[in-house]
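Data block below; observations after.
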Amino acid sequence: MSRINDIFVIGGGINGCGIARDAVGRGYTVALAEMNDFASGTSSGATKLIHGGLRYLEHYEFRLVRESLMEREILWAMAPHIIWPLRFVLPYHKGGIRPAWMIRLGLFLYDHLGGRKLLPPTAVLNMRTDPAAKPLKALFSKAFEYSDGWVDDARMVVLNARDAADKGALIMPRTRVVSARQENGVWTIETINTVTGKSERHQARMLINAAGPWVDHVIRSAFGQNEARHVRLVQGSHIIVRKKFEGPRAYFFQNPDNRIIFAIPYETDFTLIGTTDRDYTADPKDVKISEEETLYLCNAASEYFKEPVKPDDIVWTYSAVRPLFDDGASKAQEATRDYVLKIEGKQGEAPLLNVFGGKLTTYRRLSEHALEKIGEAIGVKGRPWTAGSHLPGGDFPVQGYEGVVGKLKSRYPFLTEPHARRLVRRYGTKAATLLGNAQKTEDLGRLFGSDLYEAEVRYLIKHEWARHAEDVLWRRTKDGLRLSKEQVRSLEEYMAAIPAQMAG
Ligand code: FAD
């Protein structure tokens, strides 16, 4: 058995990794176990917006919206490689489900509730003349355009894990927590390595259950509380099609059934369309888009775009479940998106903190709130520090992306423009670590497809715990969109041959 850590975190999604990073940076000793790959749960299946959540205003979630709005520019400054501003075009038509004054009021609050310094404010577009109208049917005379942010969700998770490890946390992917019991004020946690089958015991003064959609499952299976039912699982699915429109702006459509969908420029050549909202009761690991959801998204988008979206256009889909705190709302869309942190443990017992709900956008504040609870439970260490920090590779100014690309190209002149841009979007200033002393393209090793070279795969194995082709193709990067089946197979074979000790 290893030393007694201050904190043991269950779950390597955004919330678990965010809490681990914050805690270790304050001086706590921390261990984290993730049963699969980082972000293999909900945190790679989001719409990927760093957003206030315009529609949550309708449900009077002012606390959540204000906190989320304030976080937009803080997170952008923390990680300007993987987070950037996005303008949303919200077309308006007379007789729509929301009157213009209501949208105006919502956007006024959105602009003024707090935190907006660099993001441009709302504008009104004339849809008879504005280029934003070009891909759309001639249904609209007016649109509102407002700011939010975009994030590479899975990379944000792994960069939190990386930074936590760099600061001294013990980070264990592919490690499932099977039981946890507390005795004499200390937790003993049993884990199984899902690759080797090896069991281990860990000890900690406090346990954090950040298992996302599995949070109740962990309470039931690891702590034996068979009745636990705190979260409501709401499935959301997305489809990806070849690019449906030019330009950097995203669209936000309000459907007649009161639901909304986004159409967002994605990975240069694609359009991301989502999301749906429906209650889910099966095992979260089996979540998959249904035929009904596929048709719903295709039909809804085809109502607005001149060129219809057909199921045959779909190149990829993904689904995930939102682990929402169960506040008894009748409709999936109305369940609160806010998070709830609940401490358990009587005087003299080792405390447990259960994390329910949360968004990507609020993970940093959720972590700070968790650290307040941790401080109350086992004693305060350090101070809040993450607001002015950088995630690995994000140590450049928010407007500095072009400069980092320029520097990379002058140091590595053999890189093509798209390759240099992609590397900076993924790794920021760490792109140079990945490229090392390479002088020419051949120095990057084997090409697996698109511009995915051996050097990048090796970097991901060494620095970001990638072990399977899927980790590389669908979470660390989205090269899965560009590689053929044959190329995926050869990457799988390559990764399977990497010795376990190198793969961490
Ligand atoms: P997860 O990411 O699921 O992490 C929990 C982890 O715990 C998993 O990786 C799992 O493998 C691990 N685990 C479970 N049991 C064990 C165990 N026994 N041992 C070890 N590990 C275990 N938020 C936004 O801010 N913007 C958006 O645009 C947005 N869009 C969304 C769209 C959809 C369709 C969905 C579903 C969510 C969206 N969200 C969005 C919300 C956001 O994605 C989630 O709130 C967030 O990712 C939840 O993170 P988490 O860490 O709590 O859970």
Side-chain angles (χ1 to χ4, degrees), residues 8-20 31-53 56 64 67-68 71-72 75 83 86 148-151 153-154 156-158 160-161 172-180 189-194 207-223 231 233-238 250 262 264 272 274-278 280 283-285 287 289 293 317-325 332 337-339 354-367 370 475:
F8 189 100
V9 182
I10 307 173
I14 192 58
N15 290 325
C17 292
I19 293 170
L32 178 147
E34 160 54 51
M35 65 179 173
N36 298 313
D37 183 27
F38 299 109
S40 56
T42 306
S43 297
S44 58
T47 312
K48 308 174 201 309
L49 306 181
I50 295 296
H51 65 155
Y56 309 148
L64 172 67
E67 183 172 285
S68 304
E71 280 304 280
R72 294 179 306 179
L75 295 179
I83 296 175
L86 194 57
D148 259 329
W150 170 261
V151 61
D153 50 3
M156 183 159 79
V157 176
V158 80
N160 272 277
M172 299 173 285
R174 295 168 277 273
T175 304
R176 179 198 295 272
V177 170
V178 286
S179 76
I189 302 116
E190 199 177 321
T191 60
I192 287 191
N193 183 307
T194 57
L207 190 58
I208 315 289
N209 177 8
W214 292 267
V215 67
D216 281 338
H217 182 261
V218 166
I219 296 174
R220 294 194 290 266
S221 64
F223 312 131
V231 287
L233 301 183
V234 175
Q235 173 175 357
S237 299
H238 295 84
F262 294 103
I264 303 171
L272 171 67
T275 175
T276 51
D277 254 314
R278 58 177 213 165
Y280 185 82
D283 187 331
K285 79 171 177 4
V287 65
I289 193 167
E293 285 177 291
T317 67
Y318 64 86
S319 267
V321 284
R322 303 177 174 86
L324 303 182
F325 183 69
R337 260 57 178 172
D338 212 345
Y339 53 84
N354 288 313
V355 176
F356 304 110
K359 298 172 14 157
L360 296 166
T361 310
T362 50
Y363 92 91
R364 196 196 65 80
R365 288 292 288 140
L366 180 152
S367 302
R475 286 184 285 275

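Both counts, for ligands and for their atoms, begin at 1 and track the order of listing.
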OG of S43 to NZ of K359: how many Å apart, nearest 0.5 Å?
13.5 Å

Is a side-chain donor or acceptor of T275 paired with a backbone partner of S237 at a separation under 3.5 angstrom?
yes

Within 6.0 angstrom of R176 CZ, more than 12 heavy atoms from elsewhere
no

Hey, can you tell me if Y56 and H51 have their rings parallel, tilted or perpendicular (30° and 60° cut-offs)?
perpendicular

Does R364 have any salt bridge (charged side-chain N to carboxylate O under 4.0 Å, His left out) partners at least two apart in sequence or in another chain, and if so, which?
E71, E368

Check each N or O atom of ligand 1 against all protein N or O atoms and list the pairs under 3.5 Å, with atom names and distances to 0.1 Å, one per line.
| from | atom 1 | to | atom 2 | distance (Å) |
| --- | --- | --- | --- | --- |
| ligand 1 | 2 (O) | T42 | N | 3.4 |
| ligand 1 | 2 (O) | S43 | N | 2.9 |
| ligand 1 | 2 (O) | S43 | OG | 2.5 |
| ligand 1 | 3 (O) | T42 | N | 2.9 |
| ligand 1 | 3 (O) | T42 | OG1 | 3.3 |
| ligand 1 | 9 (O) | E34 | OE1 | 2.7 |
| ligand 1 | 9 (O) | E34 | OE2 | 3.3 |
| ligand 1 | 11 (O) | E34 | OE1 | 3.4 |
| ligand 1 | 11 (O) | E34 | OE2 | 2.7 |
| ligand 1 | 18 (N) | V177 | O | 3.2 |
| ligand 1 | 19 (N) | V177 | N | 3.0 |
| ligand 1 | 21 (N) | M35 | N | 3.0 |
| ligand 1 | 23 (N) | L360 | N | 3.2 |
| ligand 1 | 25 (O) | L49 | O | 3.4 |
| ligand 1 | 25 (O) | L360 | N | 3.0 |
| ligand 1 | 25 (O) | T361 | N | 2.8 |
| ligand 1 | 25 (O) | T361 | OG1 | 2.7 |
| ligand 1 | 26 (N) | L49 | O | 2.7 |
| ligand 1 | 28 (O) | K48 | N | 3.3 |
| ligand 1 | 28 (O) | L49 | N | 2.9 |
| ligand 1 | 30 (N) | T47 | N | 3.0 |
| ligand 1 | 45 (O) | G358 | O | 2.3 |
| ligand 1 | 47 (O) | S43 | OG | 2.8 |
| ligand 1 | 49 (O) | S43 | OG | 3.1 |
| ligand 1 | 51 (O) | I14 | N | 3.2 |
| ligand 1 | 51 (O) | N15 | N | 3.0 |
| ligand 1 | 52 (O) | N15 | ND2 | 2.9 |

Which of T47, I14, L75 passes side-chain contact (heavy atoms from CB on, under 4.5 Å) with L360? It is I14

